[in-house]
Chemist: 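For reference, the structure I am asking about is given below.
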Number of protein chains: 2
Amino acid sequence: MEDLTEMLKGTLEGCVLEVIGGEETYGYAITRRLNELGFVDVIEGTVYTILLRLERNGLVEVTKRPSEVGPPRKFYSLNKAGREELARFWAKWQYISARINKLKEEAA
Amino acid sequence: MEDLTEMLKGTLEGCVLEVIGGEETYGYAITRRLNELGFVDVIEGTVYTILLRLERNGLVEVTKRPSEVGPPRKFYSLNKAGREELARFWAKWQYISARINKLKEEAA
DNA sequence: ACTGGTACATGGTAACACCGAGTACCAGTA
DNA sequence: TACTGGTACTCGGTGTTACCATGTACCAGT
């Protein structure tokens, strides 16, 4: 699938929130997880900028822990604000996707 | 629903293409149509910038016609490139929305 | 010493939706 | 006549976002 980046704007951050909400995890693993899920072109740099933004906006708790196979990892988990933001994200997603799908079906 | 603008990025242009694909129409009417469809905060200025972009990218044919109730209207219709772009848009939408919904369900 | 996988940070870019202000046409009305 | 309100389009500027390129650095195996 060619160039999905514009369409991911505004949703990729929510996806990262969702992954973190599932379990405490870190940037490199989040990137791999998103790739597995079909977001194949999402690259580390993108995820790290999102994580720094989440941290700056106070949506996550951060803990640095050593790794046995490389440099230390920064583990992220959602705090209250993060969980609320995640809920808002899914509400928005449901709203918008419903409307877009309706537009699509009315055309057909 | 609060502030959907980021999530609309990359999709609103496709929605405009779809509306034009349904029938030849003009900016002001497209804005009203989108508002009806639930994209309540989409405003004229936004639609016009999209239309100018579509025109610049050669995806639409433009015809100016007088109106009986105001200034002349610029009517837009899809050309071949526009229909192809619209098809690509729906393919991307299906791809991404499927993956996001999957992510959502695996969480639940 | 070298390679490759792991792990994070950062300055710059392009694209997008949005905003604000402006221009202009027309009908109805006070 | 002047004014209002609905119709209709344009354009310069803004903030946010995902992406890119590059750099740093840890570690295991050869």
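Excluded from the calculations below are hydrogen atoms, water molecules and symmetry mates; all remaining heavy atoms, backbone and side chain alike, are included. Chain identifiers are assigned alphabetically (A, B, ...) following the order of the sequence lines, protein sequences preceding nucleic acid strands; residue numbering begins at 1 within each chain.
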Chemist: Side chain of B:Thr49 only, heavy atoms from C-beta on: which candidate in D:dG12, C:dC16, D:dA8 is closest?
Modeler: D:dG12

Chemist: Measure OH/B:Tyr48 against C1'/C:dA24 and give the value in whole Å, please.
Modeler: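 Value for this atom pair: 12 Å.
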
Chemist: Could B:Lys102 and B:Glu105 be called an ion pair, given the rule that one side-chain N must be under 4.0 Å from one carboxylate O?
Modeler: no

Chemist: If only side-chain N and O atoms of B:Arg53 are considered, is one of them under 4.0 Å from the OP1 or OP2 phosphate oxygen of C:dA17?
Modeler: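 Yes, because at least one side-chain N or O of B:Arg53 sits under 4.0 Å from OP1 or OP2 of C:dA17.
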
Chemist: I want to confirm an ordering. Mapping A:Val69 and A:Thr5 to their closest nucleotides on DNA chain D, which one lands closer to the 5' end?
Modeler: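 Closer to the 5' end of DNA chain D: A:Thr5.
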
Chemist: For the residue pair B:Leu51 and B:Lys74, establish whether any side-chain heavy-atom pair is separated by less than 4.5 Å.
Modeler: no

Chemist: Indicate, with yes or no, if B:Ile20 and B:Trp90 share a hydrophobic cluster defined by side-chain heavy-atom contacts under 4.5 Å among Ile, Leu, Val, Met, Phe, Trp and Tyr.
Modeler: yes

Chemist: Take atom OH of B:Tyr28 and atom P of C:dC26, then tell me their distance rounded to the nearest Å.
Modeler: 16 Å

Chemist: Looking only at side-chain atoms of A:Arg73, point me to the closest of C:dC16, C:dC8, D:dT10.
Modeler: C:dC8

Chemist: Send over the distance from A:Tyr26 OH to D:dC26 C1', rounded to a whole Å.
Modeler: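 Atom-to-atom, A:Tyr26 to D:dC26, this comes out as 13 Å.
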
Chemist: With a 4.0 Å cut-off on heavy atoms, is B:Leu51 in touch with a base, just the backbone sugar-phosphate, or nothing at all?
Modeler: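 Contact class for B:Leu51: none.
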
Chemist: For B:Leu52 and C:dC18, what is the distance between atoms CG and C1' respectively, to the nearest whole Å?
Modeler: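 For the pair B:Leu52 CG and C:dC18 C1', the rounded distance is 15 Å.
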
Chemist: Quickly work out the A:Arg56 CZ to C:dT10 C1' distance and round it to whole Å.
Modeler: 12 Å

Chemist: Check the surroundings of atom CG in B:Asp41: do more than 12 heavy atoms from other residues, nucleotides or ligands lie under 6.0 Å from it?
Modeler: no

Chemist: Taking NZ, NE, NH1 and NH2 as the nitrogens, is one of them in A:Glu44 or A:Arg32 under 4.0 Å from a carboxylate oxygen of the other?
Modeler: yes

Chemist: Can you tell me which nucleotide in C:dC8, D:dT17, C:dT10 comes closest to the side chain of A:Lys9?
Modeler: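 Shortest atom-to-atom distance from the side chain points to D:dT17.
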
Chemist: Can we say A:Glu6 and A:Lys9 salt-bridge, meaning some charged N sits less than 4.0 Å from an Asp/Glu carboxylate O?
Modeler: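 A salt bridge is present here (some side-chain N lies under 4.0 Å from a carboxylate O).
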
Chemist: Nearest to the side chain of B:Glu6, heavy atoms from C-beta on, is which of D:dT16, C:dC19, C:dC8?
Modeler: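 Closest nucleotide among those given: D:dT16.
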
Chemist: Please state how far atom CG in A:Asn35 lies from atom P in C:dA7, giving the value in whole angstrom units.
Modeler: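 It works out to 14 Å between those atoms.
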
Chemist: Can you tell me how far P of C:dA9 sits from CD1 of A:Ile30, to the nearest Å?
Modeler: 12 Å

Chemist: Which base sits across from D:dG29 as a Watson-Crick or G-U pair, both distances under 3.5 Å?
Modeler: C:dC2

Chemist: Of the options C:dA7, D:dA18, C:dA17, whose atoms approach the side-chain atoms of A:Thr46 most closely?
Modeler: D:dA18

Chemist: Tell me the partner of C:dT29, counting only Watson-Crick (N1-N3 plus N6-O4 or O6-N4) or G-U wobble (N1-O2 and O6-N3) with both under 3.5 Å; none if nothing fits.
Modeler: D:dA2

Chemist: B:Lys64 has an atom NZ; how far is it from atom C1' of D:dT10, in whole Å?
Modeler: 10 Å

Chemist: Mind checking A:Glu44 for me? I need base, sugar-phosphate or nothing, with any heavy atom below 4.0 Å counting as a touch.
Modeler: base

Chemist: Would you mind telling me which of C:dC18, D:dT10, C:dA9 lies closest to the side-chain atoms of B:Val42?
Modeler: C:dC18

Chemist: OP1 or OP2 of C:dA7 versus the side-chain N and O atoms of A:Ser67: is any pair under 4.0 Å?
Modeler: yes

Chemist: Want to settle it: does A:Gly45 or A:Glu68 sit nearer the 5' end of DNA chain C, counting the closest nucleotide to each?
Modeler: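 Between the two, 5'-proximity favours A:Glu68.
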
Chemist: Taking only the side-chain heavy atoms of B:Tyr76 (C-beta and beyond), determine which of C:dC8, D:dT10, C:dC18 contains the nearest atom.
Modeler: D:dT10

Chemist: As a test of reading the structure: which of C:dA7, C:dC25, C:dA15 is closest to the side chain of B:Pro71, going by heavy atoms?
Modeler: C:dC25

